[in-house]
*Asks:* 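What follows is a single structure, and I will ask about it in a moment.
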Protein chains: 2
Amino acid sequence: MVFAGQGDPRRSLSLLWRADAPPTRGGPGPRPRLSVDAIVAAAVALADEEGMGALSMRAVGDRLGRTAMALYTYVPGKSELLDLMYDAVHAELPRREPDPDDWRGALTAWAGEVLEFYVRHPWVLQVSQARPVLGPHEYAGLDTLVTLLRATGLPAGAVRRLVGTLFPFVRGSAQAVADARLAAAATGSSDEEWWAARSAALLELVPDFAERFPAVSGLEAEGPVEPYPGNAPEGAEAVPYPEREARETFRVGLGVLLDGIEAARADRP
Amino acid sequence: MVFAGQGDPRRSLSLLWRADAPPTRGGPGPRPRLSVDAIVAAAVALADEEGMGALSMRAVGDRLGRTAMALYTYVPGKSELLDLMYDAVHAELPRREPDPDDWRGALTAWAGEVLEFYVRHPWVLQVSQARPVLGPHEYAGLDTLVTLLRATGLPAGAVRRLVGTLFPFVRGSAQAVADARLAAAATGSSDEEWWAARSAALLELVPDFAERFPAVSGLEAEGPVEPYPGNAPEGAEAVPYPEREARETFRVGLGVLLDGIEAARADRP
DNA sequence: TGCGACTCCTTACGGCGTAAAGTAACGTCC
DNA sequence: GGACGTTACTTTACGCCGTAAGGAGTCGCA
């Protein structure tokens, strides 16, 4: 896990909200050939392409034809750069108008789009949530979710808690999808081959697995996936099995959450 | 985020399941003065006390009065050590008998205990879930959850998805609680002081905040927390505000999830 | 008594983030 | 127009990290 929001809060916030002095055209000294935005864009591209592990100040500098130290003119350090990257990609979060007649559909669509966002930028999931970043784009995304939840008619306190439930849920689901993809890519065998190898080794090393973990074994033995009651599966056949499974878990979990919200509305209509 | 499960799967698994040759009393060479268990225990203690950031091979070696390289006799590398640490602490996960008459109470108690487990070992939340570790203790914990969910009477497919929903939910909630504690500890001001400073800076840098994010602002303006309908708050007054808020979000979110499960049972009784 | 296996140490390499100091480009003022 | 101060960027260096390579010392067994 990578940490953000570690530096001087004042400096971080003014960078995030672009509250610095305007570019000051015509000061002394050589003309700047970089900018905060260019650095953030390069860093995001690097993280998207090669993952968080490849993100180093030297690597970002290389991408811009500069040394690592050149970045420090624009950005106080790696932690603040991470803050800026984090908030920059959150500009892709959906903005969406509430629909009091179909809050459920709106929330479902919202969750799906947020899931895709995380899958597009899986490194975002590795940014620790300890100490929130509090950038403008994350707030904008938050504002949208709050708006959609307000359309359920629930009181402010409940909405606050649901925000705290829904966002982590989508993050967790996206993590599962991203992990499934990563596992598929790592082994080359894009299907359940990785699992097969792993469970073969397990079976060999732990012959009494079924006895020790009867519930888990029973679950696995109970054959292919039975659709969750009350929901119809959406057709997506080309997606490899583990990712399909993760997406189905997301769909079902979201359904359960929305059912729970519905129940709360019924309690206090 | 820190990665586990990266090394040779065979080697990792046989370490995890302790499938290695027995201690071979009386082989040649000097008597080993360390053991896998001692190393794992030292590493867990280090991570518990000083966080994942302080976990280095040299630091673990220091704790044992040995050099970093001495560890490599027992453990192939840091990644495998992380696997072992991860599974070792999961021995603390609750084991619990199912109660078909009160599956809801059982799941609530289970979730609460798991939350406390994560709060006790917050570094576990930083271990990436990509590529599962598949150790015996994690399986045991999983087995318990599956057992409890089976008591709802739902079909295997649904149970599978609920496992994938509940575990990440508890993890996310624990993350929030741990973050709240971390924020409190970092500033010394154990209360909302950190938030106050942060939001004061925000207000100064972004004077038009309320206009740009009306929904979020409205939510914050709507005064203190209103209890979620249908649930009574449990009395815990000494806990500082952010953590109390995180715990309340956990309680409410869990309630929503269980309501959703109840709805699914009603669909197919 | 030596051999071979084994634990543990020292040393070293290439990576990281970044502090410190040097170099060169530029706007401004005499 | 030349000196000066400011600024962008580079070079070098420090102390961390994980771990490869090789050497030192310890023990069981032939």
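So you know, we letter chains A, B, ... as the sequences are listed, proteins then strands, and number each from 1. In this text the structure is predicted, and so the values were computed from the model without any measurement.
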*Asks:* State which residues pass ring pair (Phe, Tyr, Trp, His ring centres under 6.0 Å) with B:F209; sequence neighbours excluded, sorted by chain then number.
*Replies:* A:Y139, B:F213
*Asks:* Output all residues satisfying ring pair (Phe, Tyr, Trp, His ring centres under 6.0 Å) with B:F167, sequence neighbours left out; order by chain, then residue number.
*Replies:*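 Once residues adjacent in sequence are excluded, the partners of B:F167 under the ring pair (Phe, Tyr, Trp, His ring centres under 6.0 Å) criterion are B:W110.
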*Asks:* So B:L55, base contact, sugar-phosphate only, or nothing? Heavy-atom distance under 4.0 Å.
*Replies:*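 Touches sugar-phosphate only.
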*Asks:* What's the spacing between B:L55 CG and B:L82 CG if we round to 0.5 Å?
*Replies:*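 Reported value, rounded in 0.5 Å steps: 6.5 Å.
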*Asks:* Just the rounded figure in Å: distance from P of D:dC16 to CE of A:M57.
*Replies:*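 Value for this atom pair: 20 Å.
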*Asks:* For the pair made of NZ in B:K78 and P in D:dT19, what is the distance, rounded to whole Å?
*Replies:*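 Atom NZ in B:K78 sits about 8 Å away from atom P in D:dT19.
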*Asks:* Residues in ring pair (Phe, Tyr, Trp, His ring centres under 6.0 Å) with B:F117, at least two apart?
*Replies:*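 Once residues adjacent in sequence are excluded, the partners of B:F117 under the ring pair (Phe, Tyr, Trp, His ring centres under 6.0 Å) criterion are B:H90, B:H121.
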*Asks:* Provide a list of protein-nucleic acid N or O atom pairs under 3.5 angstrom, restricted to nucleotides 12-15 of chain C.
*Replies:*
none

*Asks:* Angle between the two end axes of the helix from C:dT1-D:dA30 to C:dC30-D:dG1, five base pairs per end, rounded to 10 degrees?
*Replies:* 30°
*Asks:* What are the two closest heavy atoms between B:L125 and B:R171, and how far apart are they?
*Replies:* O-NH2, 3.3 Å
*Asks:* With a 3.5 Å distance limit and no angle check, can you tell me whether A:Y74 reaches the backbone of A:L34 through a side-chain donor-acceptor pair?
*Replies:*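 Checked: pair present.
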*Asks:* Between N or O atoms, less than 3.5 Å apart, protein on one side and nucleotides 7-10 of chain D on the other: list the pairs.
*Replies:*
{"from": "D:dC9", "atom 1": "OP1", "to": "A:R33", "atom 2": "N", "distance (Å)": "3.0"}
{"from": "D:dC9", "atom 1": "OP1", "to": "A:R66", "atom 2": "NH1", "distance (Å)": "3.3"}
{"from": "D:dC9", "atom 1": "OP2", "to": "A:Y74", "atom 2": "OH", "distance (Å)": "2.4"}
{"from": "D:dT10", "atom 1": "OP2", "to": "A:T67", "atom 2": "N", "distance (Å)": "3.0"}
{"from": "D:dT10", "atom 1": "OP2", "to": "A:T67", "atom 2": "OG1", "distance (Å)": "2.8"}

*Asks:* Does some side-chain heavy atom of B:L81 sit less than 4.5 Å from a side-chain heavy atom of B:M85?
*Replies:* yes
*Asks:* Taking CG from B:L82 and P from D:dC17, how many angstroms apart are they, rounded to a whole number?
*Replies:*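 For the pair B:L82 CG and D:dC17 P, the rounded distance is 15 Å.
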*Asks:* Measure from the side-chain N and O atoms of B:R95 to the backbone N and O of B:A140, and report whether any donor-acceptor pair falls under 3.5 Å.
*Replies:*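 Yes; at least one donor-acceptor contact below 3.5 Å.
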*Asks:* Using a strict threshold of under 4.0 Å (side-chain N to carboxylate O), is an ion pair present between A:D87 and A:R18?
*Replies:* no
*Asks:* Applying salt bridge (Lys or Arg N to Asp or Glu O under 4.0 Å) to B:R120 and B:E113, what does each step give before you reach the verdict?
*Replies:* CA-CA 10 Å; B:R120 222 159 35 235; B:E113 287 177 53; over 6 Å; no
*Asks:* Between C:dT11 atom P and B:Y72 atom OH, what is the distance in whole Å?
*Replies:*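 Computing the B:Y72:OH to C:dT11:P distance gives 18 Å.
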*Asks:* Supply the atom-to-atom distance A:L205 CG to B:L13 CG, rounded to the nearest 0.5 angstrom.
*Replies:* 6.0 Å
